[in-house]
Amino acid sequence: MRPSPRTTGPGATPWVLGVDSGGSGLRVALADASDPPRVTATASREPVRTGPAGIDAAHLLDQLLPMARTLLDEAAGPDAAFPATIGAVAIGAAGMATLGDDLRDRLPQALRSALGVRRLALAADAVTAYAGALGLRPGAVVAAGTGMIALGTDLAGWRRADGWGHLLGDCGGGAWIGRAGLEAAMRAHDGRGGGSPALLARVEAVFGPAPELPGLLYPRTDRPAVLASFAPEVARCATAAPGDPVAAAILREAAGHIADAAAAVCPPSGECEVALTGGLFKMGDPLLVPLRAALGERLPHARTVAAAGDPLAGAVRVASALATDSLRLPADGRLLRVPTEQGS
């Protein structure tokens, strides 16, 4: 939905820009700070590169600036007396916490020079996922897709659990489920205990002969995504009559890991709202039923709520709050940094 037409220029409510950078590309949304749900958006399917300095700020700017100018031109319209200007920008990026040094060093001054931006928030994608799901109130959010991370706040500070990648963690995420399913299939191929003939049949239907799987998987640079692509097969095997007990057990264990992460970050006092966001939860009841049970055991004082929006909506919400001096989420050197207006 496009923002409603309004006058631009001195005294006008500022436009705000929300940016979501992830593995599937770059999404950008322009909104009126006084009415953030009404947005106009555009997207690039080219993910921002990561290099020796981390996330490549130049590559992000090469994509973002033309997209922002196009949105601004559309917002101002051909007969505007003044050019549309941006009051605040919030950028949520996958890897910001650990790979965002180049963005933190270069974006404040670059955006001020190119777009006149004086208010900027640089956030981990988990923070924009949080803001999209719960807004600016206390609680906990679990974001799960290929990976899995939980983030919680009491508005005084952040608590994070997992999100360490498929080699060190992301327990319960799509890559974790897919890898566990593939392992169970290979066990069945070998005749070892704990194997699943049903999962083996799905491996051979999807990937070909089981002995060839290592050669197909190990050279791939997108191994987490390939592993995660098998997670829906685990869910199908768990639910297809008569139901595969090995696949069902994998999903129960995944649910336990997700609940553990939520329990680690949920504010300890008062009722805690927990929102689930991300593509993994589209798996539905095969995962959600054991997850609700696990959350009930580990967080009896918590209440599971529907996520209000996605990370792009969260970036717009953060930018709108920044523009109107109402940002309540706690600043953090890596998770949510708000540089000064001088671009420092």
Side-chain angles (χ1 to χ4, degrees), residues 140 142-150 161-214 216-218 223-266 274-300 302 304:
V142 177
T146 297
M148 194 284 297
I149 186 171
D162 214 335
W164 304 122
H166 75 292
L167 293 178
L168 299 177
D170 285 355
C171 299
W176 186 96
I177 292 171
R179 191 212 60 79
L182 293 173
E183 180 188 351
M186 300 311 289
R187 284 179 171 274
H189 174 268
D190 294 345
R192 291 179 286 151
S196 166
L199 288 169
L200 175 60
R202 294 311 305 154
V203 163
E204 295 188 327
V206 173
F207 295 106
E212 297 179 9
L213 184 59
L216 293 172
L217 181 62
Y218 291 148
R223 282 189 301 274
V226 177
L227 292 171
S229 73
F230 195 67
E233 302 293 340
V234 177
R236 293 187 187 100
C237 287
T239 55
D244 179 54
V246 174
I250 289 171
L251 294 178
R252 285 195 302 272
E253 187 176 356
H257 286 309
I258 294 169
D260 286 341
V265 304
C266 204
V274 179
L276 309 176
T277 185
L280 185 69
F281 298 115
K282 295 178 182 177
M283 191 178 291
D285 284 350
L287 177 63
L288 291 177
V289 169
L291 178 55
R292 292 188 190 105
L295 288 170
E297 293 173 0
R298 292 161 174 80
L299 285 170
T304 303

Heavy-atom closest pair (Met283 atom, Ala235 atom, distance to 0.1 Å) is CG-CB, 3.6 Å
Working for side-chain contact (heavy atoms from CB on, under 4.5 Å), residues Asp244 and Thr239 | CA-CA 7 Å; Asp244 179 54; Thr239 55; over 6 Å; no
Pairs involving residues 249-264, ordered by first then second residue, that meet side-chain hydrogen bond (donor to acceptor under 3.5 Å, both in side chains) (sequence neighbours left out) | Asp260-Arg298
Quick one: list whatever passes salt bridge (Lys or Arg N to Asp or Glu O under 4.0 Å) with Arg236, sequence neighbours left out.
-> Glu233
Any Leu217 side-chain heavy atom under 4.5 Å of Leu227 side chain = yes
Looking only at atom types and distance, does a side-chain atom of Asp170 sit under 3.5 Å from a main-chain N or O of Gly173, one as donor and one as acceptor?
-> no
Expected output: side-chain Arg187 to main-chain Ser196 donor-acceptor under 3.5 Å | no
So do the side chains of Phe230 and Leu199 get within less than 4.5 Å of each other, counting heavy atoms only?
-> yes
Which atom pair, heavy atoms only, marks the closest approach of Ile250 to Trp176?
-> O-CZ3, 3.7 Å
Cys237: disulfide (SG to SG under 2.5 Å) partners, not counting sequence neighbours | none
Nearest 0.5 Å please: distance from the NE2 atom of His189 over to the CD atom of Glu204.
-> 6.5 Å
What are the two closest heavy atoms between Ala261 and Ala161, and how far apart are they?
-> O-CB, 3.7 Å
Atom pair CZ/CG of Arg292 and Leu287 - distance to nearest 0.5 Å = 9.5 Å
Tightest non-hydrogen contact, residues Ala238 and Ala247, listed as N-CB, 3.7 Å
Would you mind telling me which of Leu280, Ile177, Asp162 makes a side-chain contact (heavy atoms from CB on, under 4.5 Å) with Met148?
-> Asp162
Just how far is it from atom OG1 of Thr304 to atom CG of Leu299, taken to the nearest 0.5 Å?
-> 8.5 Å
Determine the minimum heavy-atom distance between Thr146 and Ala225, stating which atoms define it.
-> CG2-N, 4.1 Å
Would you name the heavy atoms of Gly194 and Val246 that are closest together and state the gap between them?
-> O-CG1, 3.9 Å
Separation of Arg179 CZ from His166 NE2 (nearest 0.5 Å) | 10.0 Å
Atom CG in Leu213, atom CZ in Phe207: separation rounded to 0.5 Å?
-> 6.5 Å
Please lay out, stage by stage, how Val142 and Thr277 fare under the test side-chain contact (heavy atoms from CB on, under 4.5 Å).
-> CA-CA 6 Å; Val142 177; Thr277 185; over 6 Å; no
